[in-house]
Amino acid sequence: MINIWIDTDPGIDDALALAMAAASKEQIHVIGISSCGGNSSLETVTENALRLSSYLGMEDAVVVRGAAVPLVRKKRDAEAVHGANGLGNVEIPATEKKAIEESPFLAIRNKIMEVEGKITFVTLAPLTNVATLLRAFPELKDKIEKIVMMGGSAGPGNDTPYAEFNIWGDPEAAHIVYNSGLPIVMCGLDVTTICGMTREAVAELVASDDELLNIYGRMMDFEFNQPYYINEPLLGIHDATTILYLRFPELFGGVQSTVKVDCSERETVGQTVCTEDPNGNVFLLNQVDQPKLMATVIEMLKELSASLK
Ligand code: RIB
Ligand code: CA
């Protein structure tokens, strides 16, 4: 069993990552979920994390309300891609579940320290929470086996020509995390843009009379029809690749690297400069079996839905 903590800003692909985790109960135990301002405001992404964790049957996963804004720079969002409610304006059933708001970082630290053995930290948002935790509680480094991060790119960015959104969202936090000395599996755009859902696959989900499949289909259909994706053949399932890597590492390939984050005031701010390095602390994913991965995503959504009935 892999014990994980998920840091997230739901977010349509974050929602898919949470579904993949919920569909992996035999292999992955989600200790907790922390929200981070990113795709949308902290209030919105926290409410989404609460509703999704309840809807997906992750009742025992505590939800902690994290940072609203980056360490240094102005907050930016991605509502142009994820919609005003962060989930393609698709309604997830409301929940009574409440987030921990009192001393959130101490709460996360204590939850992780309570776990027997080490955990894997899965990051799906700007790295503000992770950087804060590592700085405030250095003892956590002995409890974290590795960080599996959706973020960065050895090539072009997506929010600027140079920077991927999660890094661009808080470059200083990313600098702290990449230089923490912890092993990192980087699920950056190099792999997330070559795996994803086809329009046919999304249309099938939208047409499904299964509630969960239909909800996920409508979220993805919304994103597929935003200006960023309207002419794209594949819808990036960015965040979900982190969980899918944990489940099926054999579907992926990568290269050991060292990564430097551009924290300048130049137009390249947020760029991850990646150098192949056998002694680097970052395993940068850049290969994936896309057809197998997409079929697996759909299968896992179907199994999850059946298990929740
Ligand atoms: O670049 C993709 C990342 O930015 C994903 O985490 C997505 O949810 C957005 O936050
Ligand atoms: Ca995200």
Side-chain angles (χ1 to χ4, degrees), residues 2-11 14 17 29-46 49-50 53 60-77 98-152 165-186 239 242 259-263 269-270 272 281-282:
I2 305 171
N3 286 316
I4 71 171
W5 186 279
I6 299 177
D7 193 66
T8 181
D9 60 340
D14 304 70
H29 175 226
V30 181
I31 302 152
I33 297 167
S34 44
S35 58
C36 181
N39 283 321
S40 200
S41 70
L42 181 61
E43 288 62 35
T44 298
V45 299
T46 304
L50 287 164
S53 64
D60 67 336
V62 67
V63 175
V64 181
R65 190 178 186 274
V69 295
L71 296 181
V72 177
R73 297 171 196 253
K74 205 167 59 64
K75 174 161 178 345
R76 297 161 297 200
D77 69 39
K98 296 282 178 254
I100 295 176
E101 299 184 1
E102 185 74 22
S103 310
F105 293 102
L106 182 61
I108 299 169
R109 179 255 178 219
N110 291 342
K111 279 285 176 197
I112 292 173
M113 293 306 283
E114 278 166 20
V115 174
E116 198 183 319
K118 295 199 174 194
I119 68 133
T120 293
F121 212 113
V122 176
T123 74
L124 313 177
L127 292 159
T128 316
N129 288 339
V130 189
T132 303
L133 282 164
L134 292 177
R135 278 289 165 86
F137 307 110
E139 66 273 21
L140 279 175
K141 285 191 188 176
D142 295 334
K143 289 293 285 183
I144 297 172
E145 181 185 343
K146 63 174 176 285
I147 295 172
V148 181
M149 163 202 299
M150 192 283 136
F165 179 79
N166 286 338
I167 308 300
W168 183 67
D170 195 338
E172 285 73 18
H175 170 82
I176 290 170
V177 174
Y178 274 114
N179 291 283
S180 64
L182 286 169
I184 292 171
V185 176
M186 178 171 154
D239 291 335
T242 57
V259 177
K260 296 274 172 254
V261 182
D262 183 323
C263 294
V269 60
T272 43
N281 68 317
V282 179

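The analysis underlying the following values was restricted to heavy atoms, covering all of them including side chains, and did not include hydrogens, waters or symmetry mates.
- The local environment of CD in Glu139 is crowded, with over 12 non-hydrogen atoms from other residues, nucleotides or ligands closer than 6.0 Å.
- The side chain to side chain donor-acceptor pair (under 3.5 Å) test with Ser35 is passed by exactly one of Asn129, Thr8, Thr46: Thr46.
- Of all the heavy atoms in Arg65 and Pro104, the pair that sits closest is O-CB, 3.2 Å.
- A donor-acceptor distance shorter than 3.5 angstrom exists from the side chain of Asn39 to the backbone of Asp9, with no hydrogens or angles considered.
- Within the 3.5 Å criterion, the main-chain N or O of Ile119 finds no donor-acceptor partner in the side chain of Asn3.
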Exercise for review: Check step by step if side chain to side chain contact (heavy atoms under 4.5 Å, CB included) holds for Met149 and Asn166.
Suggested key: CA-CA 9 Å; Met149 163 202 299; Asn166 286 338; over 6 Å; no

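- For the residue pair Asp7 and Ser34, a side-chain donor N or O sits within less than 3.5 Å of a side-chain acceptor on the partner.
- The shortest side-chain heavy-atom distance between Glu145 and Ile2 does not fall under the 4.5 Å cut-off.
- Nearest heavy-atom pair across Cys36 and Pro126 is SG-O, 3.6 Å.
- When each of Ile167, Thr132, Val261, Ile176 is tested with Leu127 by the rule side chain to side chain contact (heavy atoms under 4.5 Å, CB included), just one qualifies, namely Ile167.
- Atom CG in Asp239 sits 4.0 Å away from atom CG in Asp14 (nearest 0.5 Å).
- Residues Met113 and Leu140 form a side-chain contact, since some pair of their non-hydrogen atoms from C-beta on lies under 4.5 Å apart.
- Atoms CG and OG, on Leu134 and Ser180 in that order, are 5.5 Å from each other to the nearest 0.5 Å.
- For the atom pair CD1 (Ile33) and CH2 (Trp5), the distance works out to 8.5 Å, reported to the nearest 0.5 Å.
- One distance of note links OG1 of Thr128 with CG of Leu42; it measures 10.5 Å at 0.5 Å rounding.
- Side-chain contact between Phe137 and Asn110 is absent, with no heavy atoms from C-beta onward closer than 4.5 Å.
- At least one side-chain heavy atom of Thr272 sits less than 4.5 Å from a side-chain heavy atom of Met186.
- Side chains of Phe121 and Ile112 form a contact here, defined as non-hydrogen atoms less than 4.5 Å apart.
- For Arg109 (side chain) and Ala136 (main-chain N/O), no donor-acceptor pair under 3.5 Å exists by modelled atom type.
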Exercise for review: Would you sort out whether Val63 and Lys98 count as a side chain to side chain contact (heavy atoms under 4.5 Å, CB included), showing the intermediate values?
Suggested key: CA-CA 7 Å; Val63 175; Lys98 296 282 178 254; over 6 Å; no

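- With contacts defined as side-chain heavy-atom distances shorter than 4.5 Å, the pair Val122/Met150 does not qualify.
- A heavy-atom distance below 4.5 Å is not found between the side chains of Pro70 and Glu172.
- For NZ of Lys111, the number of neighbouring non-hydrogen atoms (other residues, nucleotides, ligands) closer than 6.0 Å is 12 at most.
- Put simply, the side chain of Val269 reaches to within 4.5 Å of the side chain of Arg73, judged on heavy atoms.
- Panel note: side chain Lys146, backbone Val185; no donor-acceptor pair is recorded below 3.5 Å.
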